[in-house]
Amino acid sequence: MDLHYSDEDLAFRDQVRAFLDSHLPKDLQAKVLKHLRLSKDDFVRWHKILAKQGWVAPGWPVEFGGTGWSPVQRHIFEEECARAGTPRVMPFGIDMVAPVIMAFGNQQQKDHFLPRILSCEDWWCQGYSEPGAGSDLASLKTSAVRGVDADGEHYIVNGQKTWTTLAQHADMIFCLVRTDPSVRKQEGISFLLIDMHAPGVTVRPIIMLDEDHEVNEVFFDNVRVPAANLVGQENRGWTYAKYLLGHERTGIAAVGRSKRELAFLKRLARREQNNGRPLLEDPLFAAKVADLEIELMALETTVLRVLAQAREGAKAAPGPEASVLKVRGTDIQQALTELMLEAAGPLALAFDAAYLEGEQEHGIGGDDDAAPLASYYFNYRKTSIYGGSNEIQRNIISQMILGL
Amino acid sequence: MNVDFNPEQVQFADALKRWIARDYSFEQRRAMLRSEAGSASQAWATLAELGMTALPVPEAQGGFDGGAVDLFVVMRELGRGLVLEPYFATVLGAQFLKLGGGHAALLERVAAGDLKLACALGERQARHALHDIALRAEQAGEGWRLSGEKVAVVYGQDAGVLIVSARSAGGQRDEAGISLFALPHDAPGVQVTGYRSLDGQRAATLRLDGVALPASALIGAAGAGWDILDAAADYGAGLLCAEALGAMEALFEATLDYLKTRQQFGVPIGKFQALQHRMADMFIHLEQARSMAMLAAVKLDGADAAERRRVVSAAKYRVGQAARFIGQGAVQLHGGMGVTDELAAAHYFKRLSMIELTLGDRDHHLARFMAQPGFQQAA
């Protein structure tokens with residue numbers, strides 16, 4: 001048993017660090033580290049830097065533009081990016097729709113879409129959730145009716161998607177749509193790629209409790225979608241969707257980002273005073289930080305265990321144990337934002353959109369570190385809800401792992 | 001990186017599994033713990049035959065020079081089997097002797113299975129602070145004279161030799177001025193009062209009244225025992241995490257089995273979501289505890305002292321959290337049966353609870369974790 005990185009892994013880590021030192025723009029890094037809001041340009045800029053290096057799609061097969069890295073190397077890369085403070089690479093194109101296109105799409109779809117995903121020419125969003133179908137995804141109602149006109153075979157799509165992350169930036173959406181309402185609900189679903197600029201597509205912002213615009217409702221009103229945009233076979237979409245969900249990786253635990261935030265929390269708590277002493281020396285507060293640090297240490301080791309097994313067994317995705325990582329990972333992320341808010345105390349009161357959007361150099365409340373922390377705390381309540389709520393993850397653990 | 005055990009470790013584990021299945025069934029164990037001796041007379045000889053007593057001893061003294069991961073494997077199986085023998089006390093004692101250098105004859109007897117050890121470290125006023133020592137050691141000619149009391153000496157009445165921490169200089173709570181001794185059980189002036197603990201193990205109160213020891217009884221250098229004591233206690237705490245892991249695994253499996261078989265309202269109770277979610281949370285605790293117990297074992301071999309302290313305290317704390325959650329949850333999920341003496345689950349719960357009180361509880365280790373330089377200074 002050995003839970004250490006090999007010399008090769010450590011050399012790889014140095015290589016990644018050197019790249020990040022020289023290629024991560026300082027202004028982007030500063031925005032991330034200060035918890036400011038990122039624009040579309042920020043995301044695209046970083047995506048293109050990684051694409052130029054050939055590192056934007058580490059999990060893809062090499063023939064499509066992937067890296068050929070081992071699961072451990074991919075973990076190291078993600079961790080180093082998170083620690084350095086890079087913007088995220090949006091997962092909707094790279095990690096979600098692309099694997100489905102590779103596995104089930106036709107040659108034309110692969111040739112057309114995959115290079116555009118790599119280059120970030122298309123911004124993708126995900127059309128799974130509907131107002132009446134949250135965790136019960138298969139009860140979706142958005143309909144797609146097949147027909148033929150002068151321009152060829154097509155679907156007419158009507159319905160509504162919701163919680164669509166960053167759809168306001170998107171060029172394409174991958175959707176689960178109902179193509180046969182007469183059969184069992186899982187069997188009449190198809191996987192369709194829809195142009196967000198097509199007539200009849202409307203995006204309406206949903207403003208979240210931190211007053212940020214991150215998610216949207218997307219309406220389809222007689223939207224015409226070429227039949228060539230159907231992935232795989234009609235009415236087999238549920239299989240593809242499950243394949244996609246099975247692609248969740250150990251990155252879901254977000255250990256790297258949590259380590260960075262733990263360090264931030266400690267810096268903050270060392271600087272803030274309580275009864276004339278640094279807050280981090282207050283036994284009550286320090287105990288909460290220590291508890292969290294230990295939980296994160298345990299989670300990181302759990303991730304490494306899963307990775308070590310993934311290296312031994314085929315390239316299989318972690319499967320149901322990803323649920324453990326999701327629950328603990330999001331619990332830790334939420335606890336971190338909660339303690340940051342507590343550490344900032346009254347200095348976190350000011351809601352300062354101008355500073356968060358980068359329009360003002362300094363926060364109005366008098367402390368730039370503290371200014372975003374209330375927003376951050378409120379924003380992160382989403383993590384135990386999205387991606388299959390943590391209650392659903394417990395169902396998965398008890399049914400898939402424990403056999404209950 | 002790998003999470004596998006090597007072939008020798010797998011062999012050790014398999015041999016222990018077979019022995020426990022044959023000689024340590026729950027019913028056999030119940031008979032033993034109610035007996036005068038508190039264990040089976042044959043069991044220690046069997047452990048020695050299986051090589052377990054030689055495992056922690058250096059090769060020069062006839063042992064296998066096993067590392068912490070080897071001992072992790074053994075302690076985990078003993079935890080699964082709820083084994084009552086004084087193995088942990090003996091391994092911990094051997095660790096003191098190894099760290100102190102010398103004492104080859106004692107280690108040879110341990111390896112051969114001829115000598116059981118115990119460690120008399122705790123005192124009434126000290127709770128979990130092992131440097132809080134009132135027991136006096138005074139120089140008397142070439143040798144020493146020891147007086148004072150030690151409490152909660154695990155398997156103290158079984159041991160041929162007791163490792164005793166004593167104050168030879170300095171204030172009661174100083175780390176400097178601590179000396180360690182190998183004390184023969186039969187030395188004049190030694191009084192051992194044994195008792196059974198609620199988890200079926202044995203412990204003792206040790207009273208020393210001017211016990212004379214030769215200079216050769218000293219472990220390490222006079223007054224400089226703290227580094228050995230601190231390192232050995234970490235080794236013990238790390239191994240207790242492995243034992244707790246084994247106990248939690250067995251308890252978890254028994255509870256899962258119960259949820260699948262016990263019927264209520266016409267279905268197995270494991271069909272109820274409230275119970276499923278509690279079980280899923282127990283599973284998450286188990287995985288996190290497994291990670292920390294493994295990490296501690298890895299760090300016991302070779303990490304520097306600061307890193308060792310940090311990780312062992314983190315592990316003992318986190319395993320303690322899991323032990324409470326899984327122990328209490330398992331009893332609850334077993335319903336009325338869970339609070340009876342008839343059920344193995346109750347015995348696992350009791351053992352897990354007693355482990356937490358040994359070599360530092362959760363609060364002690366959380367405070368120690370916070371006191372390490374890495375906590376305040378980490379960027």
Side-chain angles (χ1 to χ4, degrees), chain A residues 1-6 9 70-72 75 83 259-260 262-264 266-267 269-270 278 280-281 283 286-291 293-309 311-312 321 323-325 327-328 331 390-391 393-399 401-404, chain B residues 1-6 9 69 72-73 252 256 259-260 268-273 275-295 297-299 310-311 313-315 317-319 321-322 362-363 365-372 374-379:
Chain A
M1 185 169 71
D2 181 6
L3 295 168
H4 298 91
Y5 288 129
S6 68
D9 291 334
S70 69
V72 172
H75 170 78
R83 285 177 66 133
K259 282 163 98 172
R260 184 184 86 217
L262 177 71
F264 177 90
K266 284 184 169 185
R267 281 198 303 277
R270 258 205 313 273
L280 194 57
E281 291 174 16
K288 289 189 271 191
V289 176
D291 175 90
E293 181 168 344
I294 291 169
E295 198 62 38
L296 182 54
M297 194 192 289
L299 181 66
E300 181 176 23
T301 308
T302 304
V303 167
L304 294 179
R305 283 171 45 214
V306 172
L307 284 170
Q309 277 158 342
R311 174 186 273 186
E312 290 154 17
E321 62 265 41
S323 294
V324 173
L325 305 182
V327 172
R328 287 319 291 153
D331 283 352
N390 285 11
E391 285 70 28
Q393 302 302 332
R394 287 180 173 87
N395 288 351
I396 293 171
I397 292 168
S398 54
Q399 286 154 26
I401 301 180
L402 306 180
L404 289 174
Chain B
M1 207 186 318
N2 77 75
V3 288
D4 289 341
F5 298 109
N6 66 36
Q9 290 162 347
V69 177
F72 169 97
V73 170
F252 183 87
L256 185 58
L259 290 186
K260 289 176 179 175
I269 58 174
K271 292 291 170 201
F272 296 112
Q273 195 178 47
L275 276 53
Q276 289 181 348
H277 282 200
R278 186 149 188 177
M279 202 63 191
D281 283 330
M282 284 162 63
F283 180 75
I284 293 170
H285 270 279
L286 181 61
E287 288 301 322
Q288 294 285 79
R290 193 195 314 274
S291 290
M292 289 308 290
M294 289 168 75
L295 189 63
V298 168
K299 297 289 183 185
R310 201 175 98 82
V311 173
S313 276
Y317 170 78
R318 187 62 187 84
V319 168
Q321 302 276 66
R362 296 183 305 171
D363 287 352
H365 280 289
L366 191 66
R368 186 172 180 254
F369 180 83
M370 289 189 277
Q372 300 310 310
F375 181 72
Q376 286 285 337
Q377 288 157 24

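Here is how names work: the chains are called A, B, and so on, in the same order as the sequence lines, proteins then strands, and each is numbered from 1.
Side chain of B:Ser291 to main chain of A:Thr302: a donor-acceptor pair is present (N/O by atom type, distance under 3.5 Å, no hydrogens or angles).
Closest heavy-atom contact between B:Phe375 and A:Lys266: O-NZ, 2.9 Å. Residue A:Ala290 comes nearest to B:Phe369 through the heavy atom pair CB-CD2, 3.8 Å, listed as atom of the first residue, atom of the second, then distance. Closest heavy-atom contact between B:Val3 and A:Met1: CA-CG, 4.3 Å.
Side-chain contact between B:Gln321 and A:Ile294 is absent, with no heavy atoms from C-beta onward closer than 4.5 Å. Proximity of B:Gln276 to A:Arg394: side-chain heavy atoms (C-beta onward) are nowhere separated by under 4.5 Å.
In this structure, B:Asn2 CG and A:His4 NE2 are separated by 12.0 Å, a value rounded to the nearest 0.5 Å. The line from CD of B:Glu287 to OG1 of A:Thr301 is 12.0 Å long, rounded to the nearest 0.5 Å. Atom CG of B:Asn6 sits about 12.0 Å away from atom CG of A:Asp2, to the nearest 0.5 Å.
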I'd like to know whether A:Leu404 forms a side-chain contact (heavy atoms from CB on, under 4.5 Å) with B:Leu256, so could you lay out the CA-CA distance, the side-chain angles of the two residues, the decisive distance to 0.1 Å, and finally the verdict. CA-CA 8 Å; A:Leu404 289 174; B:Leu256 185 58; 3.7 Å; yes

Let's go through A:Met297 and B:Arg318 carefully: what are the C-alpha distance in whole Å and the side-chain angles of both, what is the deciding distance for side-chain contact (heavy atoms from CB on, under 4.5 Å) to 0.1 Å, and is it a yes or a no? CA-CA 10 Å; A:Met297 194 192 289; B:Arg318 187 62 187 84; over 6 Å; no

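Both the backbone and the side chain of A:Leu304 come within less than 4.5 Å of a heavy atom of chain B. For a residue to count as touching a neighbouring chain, one of its non-hydrogen atoms must lie under 4.5 Å from one of that chain's; by this rule A:Glu295 touches chain B with backbone and side chain alike. Contacts of A:Arg328 with chain B are made by side-chain atoms alone, with heavy-atom separations under 4.5 Å and no backbone atom involved. At a 4.5 Å heavy-atom cutoff, the contact between A:Glu281 and chain B is made by backbone and side-chain atoms alike. Contact annotation for B:Met279: both backbone and side-chain heavy atoms come within less than 4.5 Å of a heavy atom of chain A. For B:Arg290, the parts lying under 4.5 angstrom from a heavy atom of chain A are both the backbone and the side chain.
Exactly one residue among A:Asp331, A:Leu299, A:Val327, A:Leu325 makes a side-chain contact (heavy atoms from CB on, under 4.5 Å) with B:Ile284. That residue is A:Val327.
Ranked by heavy-atom pairs under 4.5 Å with chain B, the first of A:Gln399, A:Arg305, A:Gln393 is A:Arg305.
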